[in-house]
Amino acid sequence: MKLVKLIANLGYGSRRDVTAMFREGRITDPQGEVLYADDKVPHEAIRIDGEPLDPPAGLTLMLHKPVGYTCSTKDPGRIIYDLLPARFRLRSPLLSSVGRLDRDTSGLLLMTDDGALLHRIVSPKAKLAKVYEATLAQDLRGDEGAVFASGTLLLENETTPLAPAALEVRDPRHAALTLTEGRYHQVRRMFAAMGNHVDALHRSRIGGLGLGDLPAGKWRLLDAADLDTLFGAEA
């Protein structure tokens, strides 16, 4: 791929913008030597204003999504892309969220521009476990764990029972719920079916991958070892 197209696809600007960067001498090699648009150099040897290029297509990251942000590219309010470098929103192929967390839910969100990886993660066949920490408006009744684990719970306006889910009670109003499917607002609707309301919801883990000490609103790139950890919990 020609350098102008490569850099434009990473979101640094239009092809015209990138061409102007070459003319201005802003694109160099690691030693500071100016590069030209028709040079043939490896991705890792390109610098823009002295900084290495972002990773090529195949980028995957985890974001600690705070409450108040929407998993959307277009929304009148705050969106998850506001938490990333502005150019990430302009990458081609698109950097997409892997599934969604609603505006009022915080926690682990994966994003990738790798379509095959995205499909592998969200596919029902993967059955990747997702752990949600719920803060409830009322004390637990005591029978929620058995009901959720039964595989017989029907949500309102649905005809297919939920897959069994594991409930871990932390205290009367706090619990961790592990799901292997992802229906619309599933955790909130499950507790609503038990006569309770979720005041706060946080996703702490997907597969074998947790947030660790990543602060709210921050992100980090994932490497092959992270993806091994993610899928290591499938078995």
Side-chain angles (χ1 to χ4, degrees), residues 62-80 94 96-112 114-211 230-231 233-235:
M62 69 156 60
L63 170 68
H64 186 162
K65 177 192 167 300
V67 169
Y69 287 81
T70 302
C71 295
S72 171
T73 56
K74 297 179 181 179
D75 190 90
R78 294 177 294 179
I79 59 175
I80 53 175
L94 177 68
S96 303
S97 63
V98 181
R100 292 172 179 263
L101 291 176
D102 64 51
R103 185 191 303 270
D104 296 324
T105 300
S106 64
L108 175 56
L109 183 70
L110 300 179
M111 302 184 71
T112 188
D114 183 335
L117 175 62
L118 188 153
H119 176 74
R120 182 184 176 194
I121 296 171
V122 302
S123 171
K125 294 180 181 179
K127 295 184 178 179
L128 276 183
K130 303 174 186 68
V131 180
Y132 294 85
E133 312 281 343
T135 301
L136 304 167
Q138 303 174 42
D139 287 357
L140 291 160
R141 300 188 324 199
D143 61 342
E144 291 89 352
V147 174
F148 294 165
S150 69
T152 61
L153 180 62
L154 274 174
L155 296 179
E156 186 176 2
N157 299 321
E158 294 195 10
T159 58
T160 303
L162 296 175
L167 183 72
E168 179 184 345
V169 177
R170 303 286 169 77
D171 64 49
R173 295 198 181 189
H174 295 88
L177 185 59
T178 302
L179 309 178
T180 56
E181 56 185 346
R183 303 194 197 183
Y184 179 70
H185 287 174
Q186 182 173 341
V187 176
R188 298 179 188 277
R189 294 167 69 201
M190 288 173 71
F191 282 107
M194 304 301 293
N196 212 330
H197 175 77
V198 174
D199 281 341
L201 190 61
H202 175 84
R203 183 161 69 191
S204 59
R205 181 171 294 273
I206 300 175
L209 193 63
L211 277 170
L230 172 69
F231 291 106
E234 288 184 34

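Remember, predicted model here, so these are calculated numbers, not experimental data.
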Please round to the nearest 0.5 Å and tell me the distance separating atom [atom1] of [X] and atom [atom2] of [Y].
X	Y	atom1	atom2	result
Leu110	Lys65	CG	NZ	14.0 Å
Ile80	Cys71	CD1	SG	4.5 Å
Phe148	Thr178	CZ	OG1	12.0 Å
Leu167	Leu177	CG	CG	6.0 Å
Leu101	Leu109	CG	CG	5.0 Å
Lys130	Leu128	NZ	CG	6.0 Å

On a heavy-atom basis, which atom in [X] and which in [Y] lie closest, and how many Å separate them?
X	Y	answer
Thr180	Ala129	CG2-CA, 4.4 Å
Ser204	Glu133	OG-OE2, 3.3 Å
Val147	Leu153	CG1-CD1, 4.1 Å
Ala149	Pro164	O-CB, 3.4 Å
Asp139	Asn196	O-ND2, 3.7 Å
Tyr69	Ile79	CD2-O, 3.2 Å

State, yes or no, whether a side-chain contact exists between [X] and [Y] at a heavy-atom distance under 4.5 Å.
X	Y	result
Phe191	Leu140	yes
Met62	Leu230	no
Val198	Leu136	yes
Leu155	Met190	yes
Val98	Val122	yes

_Quick one: does any side-chain atom of Arg205 pair with a main-chain N or O of Val131 as donor and acceptor, under 3.5 Å?_
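Pair absent, no side-chain N/O of Arg205 close to backbone of Val131.
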*Under 3.5 Å, is there a donor-acceptor pair between the side chain of Ser150 and the main chain of Thr152?*
yes
*What residues form a side-chain hydrogen bond (donor to acceptor under 3.5 Å, both in side chains) with His64, not counting sequence neighbours?*
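Testing His64 for side-chain hydrogen bond (donor to acceptor under 3.5 Å, both in side chains), a comparison that skips the adjacent residues, returns none.
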*Provide the full list of salt bridge (charged side-chain N to carboxylate O under 4.0 Å, His left out) pairs with a residue in residues 141-152, sequence neighbours left out, each pair given once.*
Arg141-Asp143
*Sorted by first residue and then second, give each salt bridge (charged side-chain N to carboxylate O under 4.0 Å, His left out) pair with at least one member in residues 185-204; sequence neighbours left out.*
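Sorted pair list: Asp102-Arg188, Glu158-Arg189.
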*What do the steps show when you test Arg120 against Phe231 for side-chain contact (heavy atoms from CB on, under 4.5 Å), and what is the final call?*
CA-CA 10 Å; Arg120 182 184 176 194; Phe231 291 106; 3.5 Å; yes
*Enclosure of His185 NE2 (heavy-atom neighbours >12, cutoff 6.0 Å)*: yes
